[in-house]
Amino acid sequence: QVQLVASGGGSVQAGGSLRLSCVSSVYTYKCMGWFRQAPGKEREGVAAIYTNDGATVYADSVKGRFTISQDNAKNTVYLQMNNLRPEDTAMYFCATDPDLYECALGLHRRFAYNIRGQGTQVTVSS
């Protein structure tokens with residue numbers, strides 16, 4: 001059973017930065033993604049990485065501010081978040097999917113990335 005453990009969240013002021021980490025017990029699936037969910041809102045795909053070649057995709061809302069990366073040797077995916085805004089406040093979690101090969105499309109599919117970790121809270125104050 002795949003286990004994903006996210007860490008690195010916290011409280012920052014607008015304009016600040018945080019780096020999230022997610023360690024996976026299995027790192028053989030093609031896609032690893034970061035998602036966020038604020039209270040009362042739907043899950044939002046933030047970024048994804050193709051684990052075989054490191055190609056990345058981003059939601060428009062974070063493009064230019066967030067960077068997803070990986071360390072395959074450590075089974076770890078990162079999310080560097082810069083220039084944070086109050087609207088970035090949410091629970092962030094990483095996820096993967098053994099049956100997903102279109103990593104970018106999966107960010108927008110409700111039932112994709114169906115294996116997720118426990119999440120880490122990010123709070124941005126103005």
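Along the sequence shown, residues carry numbers from 1. Please read these numbers as outputs of a predicted model, since none were measured by experiment.
If you take OH on Y101 and CG on N52, they are separated by 11.0 Å, rounding to the nearest 0.5 Å. Atom SG of C31 sits about 6.0 Å away from atom OH of Y50, to the nearest 0.5 Å. Atoms CZ and CZ, from F66 and R36 in turn, are 5.5 Å apart once rounded to the nearest 0.5 Å. In this structure, the separation between CD on E102 and CG on D97 is 12.0 Å, given to the nearest 0.5 Å. T51 contributes atom OG1, which lies 8.5 Å from atom NZ of K30 (distance to the nearest 0.5 angstrom). Here L20 contributes atom CG and T76 contributes atom OG1; the two are 12.5 Å apart, rounded to the nearest 0.5 Å.
Judged by distance alone, the side chain of S21 and the main-chain N or O of Y78 form no donor-acceptor pair under 3.5 Å. Counting only distance, with no hydrogens or angles, the side chain of Y92 and the backbone of L79 share no donor-acceptor pair below 3.5 Å. At least one donor-acceptor pair closer than 3.5 Å links the side chain of S25 to the backbone N or O of Q3. Between the side chain of T89 and the main chain of V124, a donor-acceptor pair closer than 3.5 Å is present.
Closest approach of E44 to S61, counting heavy atoms only: OE2-OG, 3.0 Å. When all heavy atoms are compared, the tightest approach of V62 to V46 is CG2-O, 3.5 Å. Among all heavy-atom pairs drawn from L18 and G9, the shortest one is CD1-C, 4.4 Å. Closest approach of A48 and C103 over heavy atoms only: CB-O, 4.0 Å. Taking all atoms of both residues into account, the shortest heavy-atom contact from A14 to P86 is CB-CD, 4.1 Å.
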Let me see the working for Y58 and T67 under side chain to side chain contact (heavy atoms under 4.5 Å, CB included), right down to the final yes or no.
CA-CA 8 Å; Y58 298 93; T67 303; 3.7 Å; yes
Go through L4 and M32 one step at a time and tell me if the side chain to side chain contact (heavy atoms under 4.5 Å, CB included) criterion holds.
CA-CA 10 Å; L4 302 169; M32 291 290 292; 4.0 Å; yes
Does the pair Y113 and L107 meet the rule for a side chain to side chain contact (heavy atoms under 4.5 Å, CB included), with working shown?
CA-CA 8 Å; Y113 290 95; L107 284 179; 4.3 Å; yes
Candidate pair F93 and T120, rule side chain to side chain contact (heavy atoms under 4.5 Å, CB included), full reasoning
CA-CA 6 Å; F93 57 93; T120 184; over 6 Å; no
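Note: the hydrophobic cluster containing I115 does not contain L100 (ILVMFWY, side chain heavy atoms under 4.5 Å, direct or indirect links). Residues M91 and V122 do not share a hydrophobic cluster, clusters being chains of Ile/Leu/Val/Met/Phe/Trp/Tyr side chains in contact below 4.5 Å.
Under 4.0 Å is where a charged nitrogen must lie from a carboxylate oxygen, and between D88 and R85 no such pair does.
For the residue pair N82/S17, the side-chain donor-acceptor check at 3.5 Å is satisfied. Side chains of Q121 and S11: a donor-acceptor N/O pair is absent below 3.5 angstrom, by distance only.
Within a 6.0 Å sphere centred on NZ of K63, heavy atoms belonging to other residues, nucleotides or ligands number more than 12.
For the side-chain contact (heavy atoms from CB on, under 4.5 Å) with V77, the qualifying choice from V23, I49, N72 is I49, the only one to do so.
Taking the centre and axis of the six-membered ring of F35, the NZ or CZ atom of R116 falls outside the cone set by 45° and 6.0 Å.
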